[in-house]
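Report on the following structure.
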Amino acid sequence: MRWIESQLDSLYPKPLIDCTPYSDTNWIYYKFRNGSTSLRINKFIGKRLKDRPFLRKPFRLTELVLQRFEEMSKRNTYARLDREQVRLFGGSAWWVLPDIVINYIIQEYNGNKEYIHFMLDESQTPEETFFQILTMRSPVSNLVEVNPIEMVAQNCKTWAYFSDDGKPFKGHPYIFTTQEFDKLCASECWFARKFDETVDNEIFDLIDQKLLGV
């Protein structure tokens, strides 16, 4: 922990955040393509029809038709934020931000800015875009290491184990086990997720031994 504190002191006030610019060719496009109506249908499908594939299809078709209409009529979230001159970014939800950025975010939120409403209520998974967008509007945006547009790999200080040879991508992090210990040691990340003592408890002992030098 002291080592991490020393690193933060030396890097201050640099925001440590995974940040990729919006493009209609990358994954961030899908976060803002909905309008308020199609987004509500999308959330309904995800919550209520998760295990009902036959009902999902007609609702999904309705959502896609509405998406197209909202896009053509410039009523989707992207068009609304574009009118507010808000540049869009996305990235990992795990970040380390300096007080300068946090204070700026609080100020914008408390100011009831209209674009905040669009970002939080009318976009998908805003936790993967909200902080990136606000950080890039902050006084220290020039210090952010912005990723290439087509970058998919996460550029942050937290390592989430999403994929590996022979393992399918599931959209959620795999649980670290002793088999990944050498990969953990080789990583330059400060944090990692996820762990589960009911799946593999020995990994914790190996990490402690490594940190304590025993």
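From a predicted model like this one, the values you see are computed outputs, not experimental measurements.
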E202: what forms a side-chain hydrogen bond (donor to acceptor under 3.5 Å, both in side chains) with it, not counting sequence neighbours? none

The ring-ring contact (aromatic ring centres under 6.0 Å, His included) partner of W159 among F195, W190, F176 is F176

Honestly curious: do L88 and M119 fall in one hydrophobic cluster under the side-chain, below-4.5 Å linking rule? yes

Check: T125 side chain, E127 main-chain N or O, donor-acceptor pair, under 3.5 Å: no

Can you pull the ring pair (Phe, Tyr, Trp, His ring centres under 6.0 Å) pairs that have at least one residue in residues 13-43, sequence neighbours excluded? Y22-Y78

Could you measure the distance from the CG atom of L97 to the CG atom of N103? Nearest 0.5 Å is fine. 11.5 Å

Indicate yes or no: at least one non-hydrogen side-chain atom of T25 is less than 4.5 angstrom from one of E150. yes

Ignoring hydrogens, what is the shortest heavy-atom contact between C156 and C189? Give both atom names and the distance. O-SG, 3.7 Å

What's the verdict on side chain to side chain donor-acceptor pair (under 3.5 Å) for Q67 and S38, showing C-alpha distance, side-chain angles and the deciding distance? CA-CA 6 Å; Q67 272 182 4; S38 61; 5.1 Å; no

How many angstroms lie between OG1 in T20 and CD in Q154, if you round to the nearest 0.5 Å? 9.5 Å

K210 side chain reached by F181 side chain, heavy atoms, under 4.5 Å: yes

Set of residues satisfying ring-ring contact (aromatic ring centres under 6.0 Å, His included) with respect to W94, sequence neighbours excluded: none

Intermediate values then yes/no, side-chain contact (heavy atoms from CB on, under 4.5 Å), F89 and V144: CA-CA 12 Å; F89 298 86; V144 177; over 6 Å; no

How long is the straight-line distance from OG1 of T158 back to NZ of K194, given to the nearest 0.5 Å? 14.5 Å

Identify the two heavy atoms, one from S10 and one from Q7, that lie closest to each other, and give their separation to 0.1 Å. OG-O, 2.8 Å

I need the L39 CG to S123 OG distance, nearest 0.5 Å. 7.5 Å

Kindly compute the distance separating CG (N155) from CG (L16), expressed to the nearest 0.5 Å. 9.5 Å

Is it the case that over 12 heavy atoms from other parts of the model lie below 6.0 angstrom from the CD atom of Q85? no

Check: N76 side chain, R68 main-chain N or O, donor-acceptor pair, under 3.5 Å: no

If only side-chain N and O atoms count, and only distance matters, is there a donor-acceptor pair under 3.5 Å linking E70 with N34? no

In short, salt bridge (charged side-chain N to carboxylate O under 4.0 Å, His left out) pairs touching residues 111-122 with sequence neighbours left out are R80-E122, E108-K113

Counting only heavy atoms not in R48, do more than 12 sit closer than 6.0 Å to its CZ atom? no

Applying side-chain hydrogen bond (donor to acceptor under 3.5 Å, both in side chains) to D18 and not counting sequence neighbours gives N147

Applying side-chain hydrogen bond (donor to acceptor under 3.5 Å, both in side chains), name anything that partners K14, two or more places apart in sequence or on another chain. E145

Quick check: closest heavy atoms across T178 and I203, and the distance to 0.1 Å? CG2-N, 3.8 Å

Is there a side-chain contact between I116 and N112 (heavy atoms, below 4.5 Å)? no

Give me each pair satisfying salt bridge (charged side-chain N to carboxylate O under 4.0 Å, His left out) with a member in residues 172-191, each pair once, sequence neighbours excluded. D164-K183, K167-E180

Using every non-hydrogen atom in the two residues, find where P98 and P13 come nearest and quote the distance to one decimal. CG-O, 3.2 Å

Tell me whether Y104 is reachable from L143 by hopping between hydrophobic residues (I, L, V, M, F, W, Y) whose side-chain heavy atoms are closer than 4.5 Å. yes

Less than 4.5 Å apart, side chain to side chain, heavy atoms only: is that true for V146 and M136? yes

Audit row: E5, R2, salt bridge (Lys or Arg N to Asp or Glu O under 4.0 Å) steps and yes/no: CA-CA 5 Å; E5 290 177 353; R2 290 179 181 175; over 6 Å; no

Counting neighbours of CD on Q179 that are heavy atoms of other residues, nucleotides or ligands and sit closer than 6.0 Å, is the number greater than 12? no

Hydrophobic clusters here meaning ILVMFWY residues chained together by side-chain heavy-atom distances under 4.5 Å, can you tell me if I17 and I106 are in one? yes

Above 12 or not: heavy atoms from other molecules or residues under 6.0 Å from CZ of R75? no

Residues at least two apart in sequence or cross-chain that pass side-chain hydrogen bond (donor to acceptor under 3.5 Å, both in side chains) with R60, listed by chain then number, are E63

Do P15 and V140 have side chains that get closer than 4.5 Å, going by heavy atoms? yes

Would you say L120 and I105 are hydrophobically clustered, going by side-chain heavy atoms of ILVMFWY under 4.5 Å? yes

Would K31 and E128 pass as an ion pair if we require N to O under 4.0 Å? yes

Report the residues that fulfil side-chain contact (heavy atoms from CB on, under 4.5 Å) with E197, sequence neighbours left out, ordered by chain and then residue number. N201, F204

Excluding sequence neighbours, so at least two apart, what forms ring-ring contact (aromatic ring centres under 6.0 Å, His included) with F59? F44

Please lay out, stage by stage, how K43 and Q124 fare under the test side-chain contact (heavy atoms from CB on, under 4.5 Å). CA-CA 9 Å; K43 290 181 177 179; Q124 295 194 47; over 6 Å; no

List in chain and number order the residues that pass side-chain contact (heavy atoms from CB on, under 4.5 Å) with S6, two or more places apart in sequence or in another chain; answer none if no residue qualifies. W3

Rounding to 0.5 Å, atoms OG1 (T37) and CG (N42) come to a distance of 12.5 Å

Should V96 and L134 be regarded as members of a common hydrophobic cluster, given that ILVMFWY residues are connected when their side-chain heavy atoms come within less than 4.5 Å of each other, either directly or indirectly? no

Would you list the pairs meeting ring pair (Phe, Tyr, Trp, His ring centres under 6.0 Å) in which at least one residue belongs to residues 112-152, sequence neighbours left out? W95-F131

How about R52: does its CZ atom have over 12 heavy atoms from other parts shown lying under 6.0 Å from it? no

